[in-house]
Amino acid sequence: MIDQESMRYAQEIKDYVTGHVKGLLKEPHAFIHHPFIDPGSVYDGNVWDWDTYWSVYGLFGIMDSFSEELQEKILVHARGNVRNFMDHQLEDGYIPMMIEVDRWPEPYLNIKHKEGVLMNMHKPFLCQQMRLISEFQGDYTWTREYLDGLKAYFDCYYRNYFMEEKGLFVWCDDIMIGMDNDPASFGRPKFSTANIYLNSFMVLEMQAYGCVLKNAGISGEALEWENRAKALIQTIQEECWDKRDRFFYSVDVDIRTRKFDWFHEGLGVFWKTLPIKIRVWSGFIPMYAGFATEEQAESLVSHYHDENTFHSSFGIATLAKDEKMFNLEATNNPSNWLGPVWLVANYVVFQAMLSYGYREEAEEICRNSLKLLGMDLEKTGCMHEYYNPINGDPVINGGFINWNLLALNMLADLEKEKEHG
């Protein structure tokens, strides 16, 4: 049940967002050629990949709170997010993860890429944002001018970040991976981690690409990408699901027989990967993406309830509390995902619970998220980027909005699920 206190917090959050939403809607500047959305707070004038996706996702959930004029403006800025990234796609298909106007004449990541320094590229939220916008406005035609670019985008991913012999995608390095200091990738060798976050969201990205293609009348290619998504799911199940711990892990792909002289001539390494057994909230993403089995979902729910690991009175700890790396330090570069509560993690786990029929758990995450943000607004007058999972105190970056909007989406999602029962 969603109680009256939660509804009061929800109204306070909505009032705050509607009063500050125009501050998120940025106009073109220098080589950022189109209107766009930034997360707020210290992120002033940056176009980010998955941040823009979740900002749009959250704003669409409360569009009825805005005037028709503002709704149209939000749509223009949402499409502008995509247009800005496609504007800066390089000839080999590379798209940067972030566009920031500074002392350089073009996006920094593009400069490094042209210099031959391979770094991570746009996280798998480009097609997802295209589908999100297109479904909301009931029109995909605006995406058709980008079909060649999307093909090049996936070609670049497969050429540079896909390990054919493993069947999984890997991060090039640990820079701007979304969960900045995820121990499964942070500080590890280049190209060594097939992160469960990257691969699970890539499944959704392939499916979204299939929708774009299908709506462009290219059904044959759409089917091909549906099949690629299925193949990736199968590999994730084989390599990332741990039968003993009953949890999804990122995996180490730097596995091979290392021969020396006459040593290691017999049985060599025949396993493709090794699990990186660090319990990170991203282990729940396969459930959000819809490819966890019912039995796996049941086990993931038990992990959610564990007070010693993920469960918090304010949502979910992003790193299990009994991991040696658990840390609540305030840091912005990298951002801290070593346990603090982030609303995007809360939402992903919330939606995972709801979609698999665990309504009580979903309601609890919703209540806890509303309480967290509502308490912050009442104490400080704003919302923050991430929070202490023990006491709910804000950690850093007052004025942050971005995916904090998703607390309001939770209420709407619960109501829709109840109606369709």
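Predicted model, so just to flag it, every value in this text is computed and none were measured. Counting begins at 1 with the first residue of the sequence. These values consider heavy atoms only, across backbone and side chains, with no hydrogens, waters or symmetry-generated copies.
Annotation: salt bridge (charged side-chain N to carboxylate O under 4.0 Å, His left out) contacts involving residues 375-404, sequence neighbours excluded, comprise R8-E378. Note on residues 215-226: pairs passing side-chain hydrogen bond (donor to acceptor under 3.5 Å, both in side chains), not counting sequence neighbours, are E224-R228. Residue pairs satisfying the salt bridge (charged side-chain N to carboxylate O under 4.0 Å, His left out) criterion with at least one member in residues 78-87, sequence neighbours excluded, are listed as follows: E72-R79, R83-E145.
Of the possible donor and acceptor atoms, none in the side chain of S41 sits under 3.5 Å from a partner among the backbone N and O of G399. With hydrogens and angles disregarded, a donor-acceptor distance shorter than 3.5 Å links the side chain of N181 to the backbone of W337. The closest donor-acceptor contact from the side chain of W281 to the backbone of W342 lies at 3.5 Å or more, if one exists at all. In this structure, the side chain of D180 does not engage the main chain of P334 through any donor-acceptor pair within 3.5 Å. Put simply, the side chain of D245 never gets that close to the backbone of F247: no donor and acceptor are under 3.5 Å apart. In terms of modelled atom types and a separation under 3.5 Å, the side chain of T18 and the main chain of D15 share a donor-acceptor contact. A donor-acceptor contact shorter than 3.5 Å is absent between the side chain of N195 and the backbone of V170. The backbone N or O of L377 sits nowhere less than 3.5 Å from a side-chain atom of T380 that would complete a donor-acceptor pair. A distance-only check finds no donor-acceptor pair linking the side chain of E363 to the backbone of I2 [under 3.5 Å]. The backbone N or O of W48 lies less than 3.5 Å from no partner atom in the side chain of N46, so there is not a single donor-acceptor pair.
Closest approach of P389 and P340 over heavy atoms only: CD-CA, 4.0 Å. The two residues M287 and A297 have their closest heavy-atom pair at CE-CB, 3.8 Å.
Ring pair F162/F169: centre-to-centre distance below 6.0 Å. A ring-centre distance under 6.0 Å is found for F60 and F136. Between Y158 and F154, the ring centre distance reaches or exceeds 6.0 Å. Taking the six-membered ring wherever Trp is involved, the centroid distance between the rings of F36 and H77 does not fall below 6.0 Å.
Ion pairing between a basic and an acidic side chain is recognised when a charged N comes within 4.0 Å of a carboxylate O; E417 and R359 show such pairing. Classification of R188 and D174 as a salt-bridged pair fails, no side-chain N sitting under 4.0 Å from a carboxylate O. Salt bridge annotation for D322-R279: present, with a cationic side-chain nitrogen under 4.0 angstrom from a carboxylate oxygen. Under 4.0 Å is where a charged nitrogen must lie from a carboxylate oxygen, and between R246 and D242 no such pair does. With respect to E115 and K112, a salt bridge is recorded, a charged nitrogen being found less than 4.0 Å from a carboxylate O.
Between W54 and F201, the two ring planes are perpendicular [angle over 60°; tilted spans 30° to 60°]. The aromatic rings of F125 and Y53 lie tilted to each other, with the angle between the two planes from 30° to 60°. Taking the six-membered ring where tryptophan is involved, the planes of H305 and H311 are essentially parallel, since the angle between them stays under 30° and well short of 60°. Using cut-offs of 30° and 60° for the angle between ring planes, the Y197 and W171 rings count as tilted. The aromatic rings of Y108 and W104 are tilted relative to each other, their planes meeting at an angle between 30° and 60°.
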Report the C-alpha separation of F191 and V253 in whole Å, then their side-chain angles, then the decisive distance to 0.1 Å, and conclude whether the side chain to side chain contact (heavy atoms under 4.5 Å, CB included) test is met.
CA-CA 8 Å; F191 296 105; V253 295; over 6 Å; no

Please test Y140 against E135 for side chain to side chain donor-acceptor pair (under 3.5 Å), starting from the C-alpha separation and ending with a verdict. CA-CA 8 Å; Y140 275 84; E135 291 291 335; 2.6 Å; yes

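N388 contributes atom CG, which lies 4.0 Å from atom CG of N391 (distance to the nearest 0.5 angstrom). One finds the SG atom of C127 at 10.5 Å from the CE atom of M206 (value rounded to the nearest 0.5 Å).
Taking D254 as the reference, R256, R258 meet the salt bridge (Lys or Arg N to Asp or Glu O under 4.0 Å) condition, with sequence neighbours excluded. By the salt bridge (Lys or Arg N to Asp or Glu O under 4.0 Å) test, E91 pairs with no residue at all, sequence neighbours left out. Checked against ring-ring contact (aromatic ring centres under 6.0 Å, His included), F66 has no partners two or more places apart in sequence or in another chain.
Annotation for M7: atom CE does not count as buried by contact number, only 12 or fewer foreign heavy atoms lying within 6.0 Å.
Side-chain contact check for E361 versus F350: every heavy-atom pair is 4.5 Å or farther apart. Residues K26 and D44 are in side-chain contact: their nearest non-hydrogen atoms beyond the backbone lie under 4.5 Å apart.
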